[in-house]
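What follows is a set of notes on a single structure, which appears directly below.
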Amino acid sequence: MTATSPRLVNWENGTDLVIELPLAVDAATVWARLIDSETAGSWFASFTVDDAAAEADSVDASGDEATDADADETSGAGGNSNPAITFDLGETQLHGEILSCEVEDHVLVELEDFGVLGMQLLGLELTDGDATLLVFTQSAPDVESARLKAADFGPMWDTHLRLFARVLGLEVVEADESELLALYADLELEDSQDAESGANEA
């Protein structure tokens, strides 16, 4: 069974809430489910990407890796805005923008009320096949802010990530609300160098 592994990581320019989730599925399959709007409705919320942003449409529809790199270059050179993304939460909508996206590697978005969120896929080699480490991040400017965000939002993100694993057909370790609240109220703080060292070892 798979389980989440949360912590805070202190970087030079801020502190991230980091939640890792190992998935016994190859990165291509994880990515396909991650960017599919209909599937997203099963574990978080269905979404739409601004139709005017051809780069984002290409990634969603065909997974063309080059388009997002081109979009980043165009945005930096010409001042074009990033593709907009909107999540349908039923009675309300959650608006944001896609800051960066690379097929089967990562997606970085900035959402109203939540700030900058990232999803990164790292390949893992297991004796019985390929696997993927899903790394979720929520950025904060400092440790205190990160701890507040972790306490407020960590249990919610953890629950959604577990739901995502179930969408992939995986068995997930159960955790009730009280356990998650206690866990995210007092997370271990790591230095970025220690985090990078651990990632390299993995």
> Which is it for Glu20 and Thr4 under the side-chain contact (heavy atoms from CB on, under 4.5 Å) test, yes or no, and what are the steps along the way?
Replying inline: CA-CA 6 Å; Glu20 294 183 348; Thr4 54; over 6 Å; no
>> The test is side-chain contact (heavy atoms from CB on, under 4.5 Å); show your working for Leu124 and Asp130 and say whether it passes.
In response: CA-CA 6 Å; Leu124 297 175; Asp130 293 334; over 6 Å; no
>> Would His106 and Ser100 count as a side-chain contact (heavy atoms from CB on, under 4.5 Å) here? Give the steps.
In response: CA-CA 8 Å; His106 77 274; Ser100 176; 2.7 Å; yes
> Should Leu23 and Arg33 be marked as a side-chain contact (heavy atoms from CB on, under 4.5 Å) after you check the CA-CA gap, both sets of side-chain angles, and the distance that decides it?
Replying inline: CA-CA 13 Å; Leu23 303 167; Arg33 294 297 182 90; over 6 Å; no
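The aromatic rings of Trp157 and Phe114 stand perpendicular to each other, their planes meeting at an angle above 60°, with 30° marking the opposite boundary.
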Mind listing the side-chain donor-acceptor pairs of residues 12-19 below 3.5 Å, one per line with the distance, residues two or more places apart or on another chain?
residue, atom, partner, partner atom, Å
Thr15, OG1, Asn10, OD1, 2.8
Thr15, OG1, Val143, N, 3.3
Asp16, OD1, Ser139, OG, 3.0
Asp16, OD2, Trp11, NE1, 3.3

Under 3.5 Å, side-chain donor or acceptor atoms of residues 88-98 against the rest of the protein: list the pairs with distances, not counting sequence neighbours.
residue, atom, partner, partner atom, Å
Asp88, OD1, Gly90, N, 3.0
His95, ND1, Thr86, OG1, 3.2
Glu97, OE1, Asn82, ND2, 3.4

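Val30 and Val172 fall into different hydrophobic clusters, where Ile, Leu, Val, Met, Phe, Trp and Tyr are joined by side-chain heavy atoms under 4.5 Å apart, directly or via other members. A continuous path of ILVMFWY side-chain contacts below 4.5 Å connects Phe153 to Tyr184, so both sit in one hydrophobic cluster. Under a hydrophobic clustering in which Ile, Leu, Val, Met, Phe, Trp and Tyr are joined whenever their side-chain heavy atoms come within less than 4.5 Å, directly or via other members, Leu148 and Val116 fall into different clusters.
Side-chain contact between Met119 and Leu161 is present, with at least one heavy-atom pair separated by less than 4.5 Å. Side-chain contact check for Phe44 versus Leu163: every heavy-atom pair is 4.5 Å or farther apart.
We find the CG-CG distance between Leu170 and Leu21 to be 8.0 Å, quoted to the nearest 0.5 Å. The distance from atom OG1 of Thr137 to atom CG of Leu8, rounded to the nearest 0.5 Å, is 12.0 Å. Distance CD/Glu102 to CG/Leu108: 12.5 Å, rounded to 0.5 Å.
Shown here are the side-chain hydrogen bond (donor to acceptor under 3.5 Å, both in side chains) partners of Gln120, two or more places apart in sequence or in another chain: there are none. Residues forming a side-chain hydrogen bond (donor to acceptor under 3.5 Å, both in side chains) with Ser145 (at least two apart in sequence, or on another chain): Asp142.
Distance alone, capped at 3.5 Å, places no donor-acceptor pair between the Thr29 side chain and the Val25 backbone. Remark: side-chain polar atoms of Ser37 are paired, donor with acceptor, to backbone N or O of Phe47 under 3.5 angstrom.
Grouped by direct or indirect side-chain proximity (heavy atoms under 4.5 Å, Ile/Leu/Val/Met/Phe/Trp/Tyr only), Met1 sits with Val173.
The heavy-atom pair separating Ala131 from Ala24 by the smallest distance is CB-CA, 4.0 Å. Taking every heavy atom of both residues into account, Lys149 and Gly115 meet most closely at NZ-CA, 4.5 Å. Taking all atoms of both residues into account, the shortest heavy-atom contact from Phe87 to Leu111 is CE1-CD2, 3.9 Å. Nearest heavy atoms, Ala151 versus Ala185: CB-CA, 4.5 Å.
Of the candidates Asp105, Leu133, Leu134, Leu121 forms a side chain to side chain contact (heavy atoms under 4.5 Å, CB included) with just one, namely Leu134.
Applying the salt bridge (charged side-chain N to carboxylate O under 4.0 Å, His left out) definition to pairs two or more places apart or across chains, those involving residues 154-175 are Asp158-Arg162, Arg166-Glu174.
Salt-bridge formation is detected for the pair Arg7/Glu190: a Lys NZ or Arg NE/NH1/NH2 atom is positioned less than 4.0 Å from an Asp or Glu carboxylate oxygen.
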